[in-house]
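When reading the values below, keep in mind they use all heavy atoms of this one structure, side chains included, and skip hydrogens, waters and symmetry mates. Given the structure is predicted, the values throughout are model-derived calculations rather than measurements. Within every chain, numbering begins at 1; the chains are lettered A, B, ... in the order of the sequence lines, protein sequences first and strands thereafter.
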Amino acid sequence: MGWIGDGLESIRSLQIRQVLSQAVSLGMIVTSALIIWKGLMCVTGSESPVVVVLSGSMEPGFKRGDILFLHMSKDPIRAGEIVVFNVDGREIPIVHRVIKVHERQETGEIDVLTKGDNNFGDDRLLYAHGQLWLQQHHIMGRAVGFLPYVGWVTIIMTEKPIIKYLLIGALGLLVITSKE
Amino acid sequence: MHSSVQRLNTLITLAAVLLGALCCTASFLDYFHIHSVHGTAEVIKIKKFRKQLNGNDEVTMTLNLSLDLRSTFTWNTKQAFVFLAAEYETQKNLVNQISLWDHIIPDKEHAKIQTQVSTKYPLTDQGSNLRGKKIELVLHWHLMPNTGRMIQDKLALSHFYLPEAYT
């Protein structure tokens, strides 16, 4: 039972060790999350590899709170694909389906028109004033995978920041107080 | 021994991992599903063929469609989005794809379609190259899963020639 006495004697140094190891493990959690995110960016070639559906314009396919995985390959955009695009002067990207594609003979430039499955008309009203087509540079990626409901977590956290702070606080407390 | 928080943590982690594995399996099994879609599409009537004020050709038509997508449905299919596209090549554009009609099929029971429809979206060109143009009618379908990978495929159904003169 000598090791108990040793432990009691070195309790101060142990606490410093504990604090250090907790700091390291917290750092590991944060950095591994960052690594996964950046790794996904590299693999998918898209600026934001995962998006949360915020509106009901693609119902019944995608509902609010569903998660989409994006991929940005070299393949040209074709009709029917679900793309995520940014319109000049709008902050929030939009997820809609391509219904018209025109691709130039020589340059390969594309003109794309989109529409939400659940919307009555096409998206020209959503585009910048006078804009008729989306070009390649507007498009952030095409949706390839789908996961339902998980996005609600982020929607709740952005709309009710108190819950976010409570959650972060509780997690922080857990990390600090945990003995292992 | 183990505190209730630890037990709860283990339980939730296990549940999340199992659910994730189940989702992956469901999507993975779709790889082995072979579907064969068949259908026909024919133009019954060119209702309007004109040049718009901005100089672009515009066509509206009546189509006769007969589609069978029942084989695409698996237990991981939430819905099938099916559309008929007009595809053609012009001097200006290598690829022109214009969706003429689309439809959401919610389940297998509604996946056999026999209908006569007007074009939901007009066939508009970038320019006025449509007179006498050969148009390919291609059926595209996009399968939205309950979870996992989205599947898309297409099938060229038929082709026709637009008239040489505007109506």
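- Taking each heavy atom of B:Ser99 and A:Lys100 in turn, the nearest pair found is N-CG, 4.4 Å.
- Taken together through direct or relayed side-chain contacts under 4.5 Å among Ile, Leu, Val, Met, Phe, Trp and Tyr, A:Val50 and A:Met41 form part of one hydrophobic cluster.
- Scanning both residues, B:Asn96 and A:His102, for their nearest heavy atoms gives OD1-ND1, 2.5 Å.
- To the nearest 0.5 Å, atoms CD1 (A:Ile99) and OH (B:Tyr121) are separated by 5.0 Å.
- Residue B:Lys47 places its NZ atom among more than 12 non-hydrogen atoms of other residues, nucleotides or ligands, all under 6.0 Å distant.
- Heavy-atom pairs under 4.5 Å with chain B peak, among A:Gly145, A:Pro76, A:Ala79, at A:Ala79.
- Atom CE of B:Met150 sits about 10.0 Å away from atom CZ of A:Phe69, to the nearest 0.5 Å.
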Next on the checklist: A:Glu103 vs B:Gln97, test: side chain to side chain donor-acceptor pair (under 3.5 Å). Steps then yes/no.
Outcome noted: CA-CA 9 Å; A:Glu103 186 181 311; B:Gln97 284 184 311; over 6 Å; no

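- Cluster annotation: A:Phe85 and A:Val52 are assigned to distinct hydrophobic clusters (Ile/Leu/Val/Met/Phe/Trp/Tyr, side-chain heavy-atom contacts under 4.5 Å, transitive).
- For B:Lys92, the parts lying near chain A are the backbone and the side chain together; criterion is any non-hydrogen pair under 4.5 Å.
- Linking ILVMFWY residues whenever their side-chain heavy atoms come closer than 4.5 Å, directly or via other members, leaves A:Ile67 and A:Ile94 in distinct clusters.
- Contact record, B:Thr90 with A:Gln105: O-NE2, 2.8 Å, taken as the closest heavy-atom pair.
- Looking at B:Gln126, both its backbone and its side chain come within 4.5 Å of chain A, counting heavy atoms on both sides.
- With a 6.0 Å radius and a threshold of 12 heavy atoms from other residues, nucleotides or ligands, B:Leu18 has its CG atom above the threshold.
- Residues A:Phe146 and B:Asn146 approach most closely at CE2-O, 3.2 Å, considering heavy atoms.
- Contact of A:Asp111 with chain B is made through the side chain alone, with heavy-atom distances under 4.5 Å.
- Both A:Val153 and A:Leu167 are members of a single hydrophobic cluster when ILVMFWY side chains are connected at heavy-atom separations under 4.5 Å.
- Other residues, nucleotides and ligands contribute more than 12 heavy atoms inside 6.0 Å of the NZ atom of B:Lys120.
- Contacts between B:Glu89 and chain A at a heavy-atom distance below 4.5 Å involve the side chain alone, from C-beta outward.
- With rounding to the nearest 0.5 Å, the separation of CG in A:Asp66 from CE in B:Met144 is 10.5 Å.
- Your options are B:Asp102, B:Leu94, B:Ile98, and the one with the most heavy-atom pairs under 4.5 Å with chain A is B:Leu94.
- Of the listed residues A:Arg97, A:Glu81, A:Glu106, A:Arg78, the one with more heavy-atom pairs under 4.5 angstrom with chain B than any other is A:Arg97.
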Item to check | Step-by-step side-chain contact (heavy atoms from CB on, under 4.5 Å) determination, B:His142 to A:Ile82 | outcome: CA-CA 10 Å; B:His142 286 242; A:Ile82 296 160; 5.7 Å; no

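- Hydrophobic clustering keeps A:Met58 apart from A:Leu113 (ILVMFWY residues linked when any side-chain heavy atoms are closer than 4.5 Å, directly or through intermediates).
- Within a 6.0 Å sphere centred on CD1 of A:Ile92, other residues, nucleotides and ligands contribute 12 heavy atoms or fewer.
- Residue contact with chain A, scored on non-hydrogen atoms closer than 4.5 Å, involves the side chain of B:Ile104 exclusively.
- Here the closest non-hydrogen pair linking A:Gly61 and B:Gln79 is N-OE1, 3.5 Å.
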